[in-house]
Chemist: 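Here's a structure for you.
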Amino acid sequence: MSEIIVNGEVYRKATNPITEYSIIRTYSAGVHFGKVVKREGKEVELVDARRIWYWEGAASLSQMAVDGVSKPSKCKFSVTVPKIVLTEAIEIIPCTEKATKCILAVPEWKA
């Protein structure tokens, strides 16, 4: 982190919010996929987010974040919500471009 001190005051360079798609695993609200726009401690705000209810075709969330899923028709990913705030995030895994395209292409699961 770059910082300078002027007259005894510490100034830190502002960082841009994360805007890439990520998979977020939470303590009690499950797994979500979306663009992280804000993070403070365990609280993460996502936009264009989907809940990852069930998946096939990836051995783990880590593989899903790298490769996507190989069986998209068997996956249960919710409808996209414009915004969600997750209060107990315990893992944030940035997705590759390949995985992002794959996850976005999974049909919405709804009743």
Chemist: Is it the case that the side chain of Arg51 and the backbone of Val79 share a donor-acceptor pair, with hydrogens and angles ignored and the cut-off at 3.5 Å?
Modeler: no
Chemist: What heavy-atom pair brings Val106 and Cys75 nearest, and what distance separates the two atoms?
Modeler: CG1-CB, 3.9 Å
Chemist: Can you find a pair of side-chain heavy atoms, one from Leu86 and one from Glu43, that are under 4.5 Å apart?
Modeler: no
Chemist: If you link ILVMFWY side chains whenever their heavy atoms are less than 4.5 Å apart, which other residues fall into the same cluster as Trp109? By chain and number, please.
Modeler: Trp53, Tyr54
Chemist: Considering only heavy atoms from C-beta outward, does the side chain of Val31 approach that of Thr26 to under 4.5 Å?
Modeler: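 Not touching, per the 4.5 Å side-chain cut-off.
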Chemist: Verify side-chain contact (heavy atoms from CB on, under 4.5 Å) between Cys102 and Asp67, making sure each step is shown before the conclusion.
Modeler: CA-CA 8 Å; Cys102 178; Asp67 298 328; over 6 Å; no
Chemist: Would Tyr21 and Leu61 show up in the same hydrophobic cluster when neighbours are defined by side-chain heavy atoms closer than 4.5 Å?
Modeler: yes
Chemist: Is there a donor-acceptor pair under 3.5 Å between the side chain of Arg39 and the backbone N or O of Ile92?
Modeler: no
Chemist: Please report the closest heavy-atom contact between Ala89 and Ile24, naming both atoms and the distance.
Modeler: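 For Ala89 and Ile24, the tightest heavy-atom pair comes out as CB-CG2, 3.8 Å.
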Chemist: Apply side-chain contact (heavy atoms from CB on, under 4.5 Å) to the pair Met64 and Ile103, showing each step before the final yes or no.
Modeler: CA-CA 8 Å; Met64 188 189 305; Ile103 294 168; 3.9 Å; yes
Chemist: With a 4.5 Å heavy-atom cut-off, do His32 and Ile52 have their side chains touching?
Modeler: no
Chemist: Taking the six-membered ring for Trp, are Phe33 and Phe77 closer than 6.0 Å centroid to centroid?
Modeler: no
Chemist: To the nearest 0.5 Å, tell me how far Lys110 NZ sits from Ser78 OG.
Modeler: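 If we round to the nearest 0.5 Å, Lys110:NZ and Ser78:OG are 10.5 Å apart.
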Chemist: Identify the heavy atoms of Ser22 and Pro94 that sit nearest to each other, and give their distance.
Modeler: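 Where Ser22 meets Pro94 most closely, the heavy atoms are OG-CA, 3.4 Å.
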Chemist: Tell me which pairs pass side-chain hydrogen bond (donor to acceptor under 3.5 Å, both in side chains) where either residue lies in residues 82-102, with sequence neighbours left out.
Modeler: Arg25-Glu91, Glu97-Lys101
Chemist: Is any side-chain heavy atom of Pro82 closer than 4.5 Å to one of Val47?
Modeler: no
Chemist: Verify the neighbour count for atom CD of Glu108: are there more than 12 heavy atoms of other residues, nucleotides or ligands below 6.0 Å?
Modeler: yes
Chemist: First locate atom CH2 of Trp55, then atom OG of Ser60, and finally report the distance between them rounded to the nearest 0.5 Å.
Modeler: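 Nearest 0.5 Å value for the CH2-OG distance: 7.5 Å.
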Chemist: With sequence neighbours excluded, what pairs up with Ala65 under the side-chain contact (heavy atoms from CB on, under 4.5 Å) test?
Modeler: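 For Ala65 the side-chain contact (heavy atoms from CB on, under 4.5 Å) partners, ignoring immediate neighbours, are Ile23, Ile93, Cys95.
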Chemist: Which atom names give the shortest non-hydrogen contact between Gly68 and Ala58, and what distance separates them?
Modeler: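 What the structure gives for the nearest pair is O-CB, 3.7 Å.
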